Amino acid sequence: MMAAHATSHLIENLPPIRGRMQADAVLAAATWFRVGGPAEVLARPADADDLAAFLASLPLEVPVTIIGAASNLIIRDGGIAGVVIRLARGFGDVTIEPDGVTAGAAALDAVVAEHAAQAGLGGVEFLSGIPGAVGGAIAMNAGAYGSDVAATLDWAEIISRQGEVFRMSCAELSLSYRHSTLPAESVVVRARFFARPGDPAAIAARMAEIRASREATQPTRARTGGSTFRNPPGARAWELIDAAGCRGLTRGGAQISQKHCNFMLNTGGATAADLEGLGEEVRRRVRAATGITLDWEIKRLGIPGSRPAVLP
Ligand SMILES: Cc1cc2nc3c(=O)[nH]c(=O)nc-3n(C[C@H](O)[C@H](O)[C@H](O)COP(=O)(O)OP(=O)(O)OC[C@H]3O[C@@H](n4cnc5c(N)ncnc54)[C@H](O)[C@@H]3O)c2cc1C
């Protein structure tokens, strides 16, 4: 079937970039769940100057969506209208400083933790177990094992939808549980984390402990999106899901993990609709069993359905 996005002429009317731009671009392969329709246009700017110039000239009516390592996303089957920005190589540098580490937003969290550890810097070990990239970590205030971005971030460099480059301090981002006040459609391009000299053996041991604990409790090698729902105040989402009888529940190719029932899996042929529908069924069953309404932690982006309507 021919992609409906192929009939879109958006790409012909966009400002140029030095990086790469592609119409009707497959996104599913770049996501942890391996589901979802195409981007009307996928833009991969060469560096921050390229991105800033592109956004400054991009008509404001064109919607912009940012994706990172797509480890906390369901991209819907109809794809994403407008421009999807994915940061690539020009945003992957990691620089070690005596009391911190500065990283491009496309650097994987685990790579940042690894660089810091090799330099004998501690404080960012928690990043070693999070499969996303730095930009997503800030947008989501990623955290694990007793720490989070809020506890370690110095500042983030951001490009606004209008193409202005500015910094926000950790306090200005008002980071809270899996939440930040990053302005809409703005892109994190770089960030600095505080780190401190420590015993290299102890830092390495802490990272090994985090990896082992994850392997034991989470389906880390599966097609998943991490925690599906936020923990409600005073409760744990996985316990509510388990108590509502949803462990192992399936819909199409989507399944609630047997290993950790706040994780959903694509067992092979799942669509985004299977995954989102399964999540909604879990919310319904948990509400019926406990009176508690679970809130999605996974971001769902794009247009429902098999293919998008023809775009103007
Ligand atoms: C096996 C597994 C385990 C996980 N464990 C944890 C965990 O322990 N703790 C935890 O917090 N999370 C966990 N996650 C979820 C996920 O890894 C984190 O939320 C991560 O920070 C998301 O980063 P990402 O680059 O994949 O972002 P994406 O999933 O691509 O995007 C998430 C959100 O961030 C926005 N975003 C991404 N990049 C940028 C950018 N450069 N600028 C502006 N906005 C941006 C997107 O628009 C979207 O709203 C886990 C996921 C998996 C698959």
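Since the structure is predicted, the reported quantities are computational estimates derived from the model, not experimental observations. Just so you know, ligand 1 is whichever comes first in the structure, and atom 1 is the first atom listed for that ligand.
Near Ala133, the atoms of ligand 1 lying under 4.0 angstrom from a non-hydrogen atom of the residue are 23 (O), 24 (P), 25 (O). Counting the atoms of ligand 1 from 1 in the order shown, those under 4.0 Å from a heavy atom of Gly226 are 2 (C), 50 (C), 51 (C), 52 (C), 53 (C). Per-residue contacts place Ala144 under 4.0 angstrom from the following atoms of ligand 1 (heavy atoms of the residue considered): 8 (O). Annotation for ligand 1: atoms under 4.0 Å from non-hydrogen atoms of Leu182 are 43 (C), 44 (N). Remark: ligand 1 atoms within the under-4.0 Å shell around heavy atoms of Ser186 are 43 (C). Listed by number with element, the atoms of ligand 1 under 4.0 Å from a non-hydrogen atom of Gly143 are 7 (C), 8 (O), 9 (N), 10 (C), 11 (O). Every atom of ligand 1 with a heavy atom of Ala70 under 4.0 Å away is listed here by number and element: 26 (O), 28 (P), 29 (O), 30 (O). Under a 4.0 Å criterion applied to the non-hydrogen atoms of Gly132, ligand 1 contributes the atoms 17 (O), 23 (O), 24 (P), 25 (O), 26 (O).
Under 4.0 angstrom from ligand 1, the non-hydrogen atoms of Ala139 all belong to its side chain. If you look at Val188 next to ligand 1, the close heavy atoms, those under 4.0 Å, come from the backbone and the side chain alike.
Using a distance-only test at 3.5 Å, with no hydrogens or angles considered, a donor-acceptor pair links the side chain of Arg86 to the main chain of Gly68. Remark: the backbone N or O of Leu175 is not paired with any side-chain donor or acceptor of Ser180 at under 3.5 angstrom.
The protein non-hydrogen atom at the shortest distance from atom 8 (O) of ligand 1 is Arg214 NH2, 2.5 Å. Of all protein heavy atoms, the one lying nearest to atom 13 (C) of ligand 1 is Ile130 CG2, 4.3 Å. Nearest non-hydrogen protein atom to atom 2 (C) of ligand 1 is Pro131 CG, 3.5 Å. Shortest contact from atom 22 (C) of ligand 1 to any protein heavy atom: Ser71 OG, 3.5 Å. Closest to atom 33 (C) of ligand 1, if we only count protein heavy atoms, is Met140 SD, 3.8 Å. For atom 24 (P) of ligand 1, the closest heavy atom belonging to the protein is Ala69 N, 3.6 Å. Regarding atom 27 (O) of ligand 1, its nearest protein heavy-atom neighbour is Gly136 CA, 3.6 Å.
For ligand 1, the polar-atom distance check finds an N/O of Asn72 within less than 3.5 Å of one of the ligand's N/O atoms. For ligand 1, the polar-atom distance check against Trp32 finds no nitrogen or oxygen pair separated by under 3.5 Å. Geometrically, ligand 1 and Ala105 share no nitrogen or oxygen pair separated by less than 3.5 Å. At a 3.5 angstrom cut-off on N or O pairs, Ile66 counts as close to ligand 1. Residue contacts with ligand 1: Arg178 is placed with a nitrogen or oxygen under 3.5 Å of a nitrogen or oxygen of the ligand (distance criterion only).
Side-chain contact between Leu240 and Phe229: absent, with no pair of heavy atoms (C-beta onward) separated by less than 4.5 Å. By the 4.5 Å heavy-atom criterion applied to side chains, Leu55 and Ile85 are counted as neighbours. Two residues are said to be in side-chain contact when any heavy atoms from C-beta on lie closer than 4.5 Å; Val134 and Asp109 meet this criterion. Side-chain atoms of Glu157 and Trp155, non-hydrogen and from C-beta on, do get closer than 4.5 Å to each other. When side chains are defined from C-beta on, Ile241 counts as touching Leu294, because their heavy atoms get closer than 4.5 Å.
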Acceptor/donor pairs from residues 295-305 side chains to any protein atom, 3.5 angstrom cut, sequence neighbours excluded:
{"residue": "Trp296", "atom": "NE1", "partner": "Glu280", "partner atom": "OE2", "Å": "2.8"}
{"residue": "Arg300", "atom": "NE", "partner": "Glu276", "partner atom": "OE2", "Å": "3.4"}
{"residue": "Arg300", "atom": "NH1", "partner": "Ile298", "partner atom": "O", "Å": "3.3"}

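In summary, Arg192 and Asp99 engage in a salt bridge, as defined by a charged side-chain N under 4.0 Å from a carboxylate O. By the 4.0 Å N-to-carboxylate-O rule, Arg285 lies close enough to Glu281 to be salt-bridged with it.
More than 12 heavy atoms of other residues, nucleotides or ligands lie within 6.0 Å of CZ in Arg167, so this atom counts as buried by the packing criterion.
Considering CZ of Arg251 and CD1 of Ile256, their distance stands at 10.5 Å, rounded to 0.5 Å.
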### Query
Hey, mind stepping through Arg18 and Asp47 against salt bridge (charged side-chain N to carboxylate O under 4.0 Å, His left out) and telling me if it holds?
CA-CA 9 Å; Arg18 280 186 283 111; Asp47 52 34; 2.9 Å; yes

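For the pair Ala106 and ligand 1, no heavy-atom separation below 4.0 Å is found.
Under the 3.5 Å distance criterion, with hydrogens and angles disregarded, no donor-acceptor pair is assigned to the side chains of Thr267 and Gln255.
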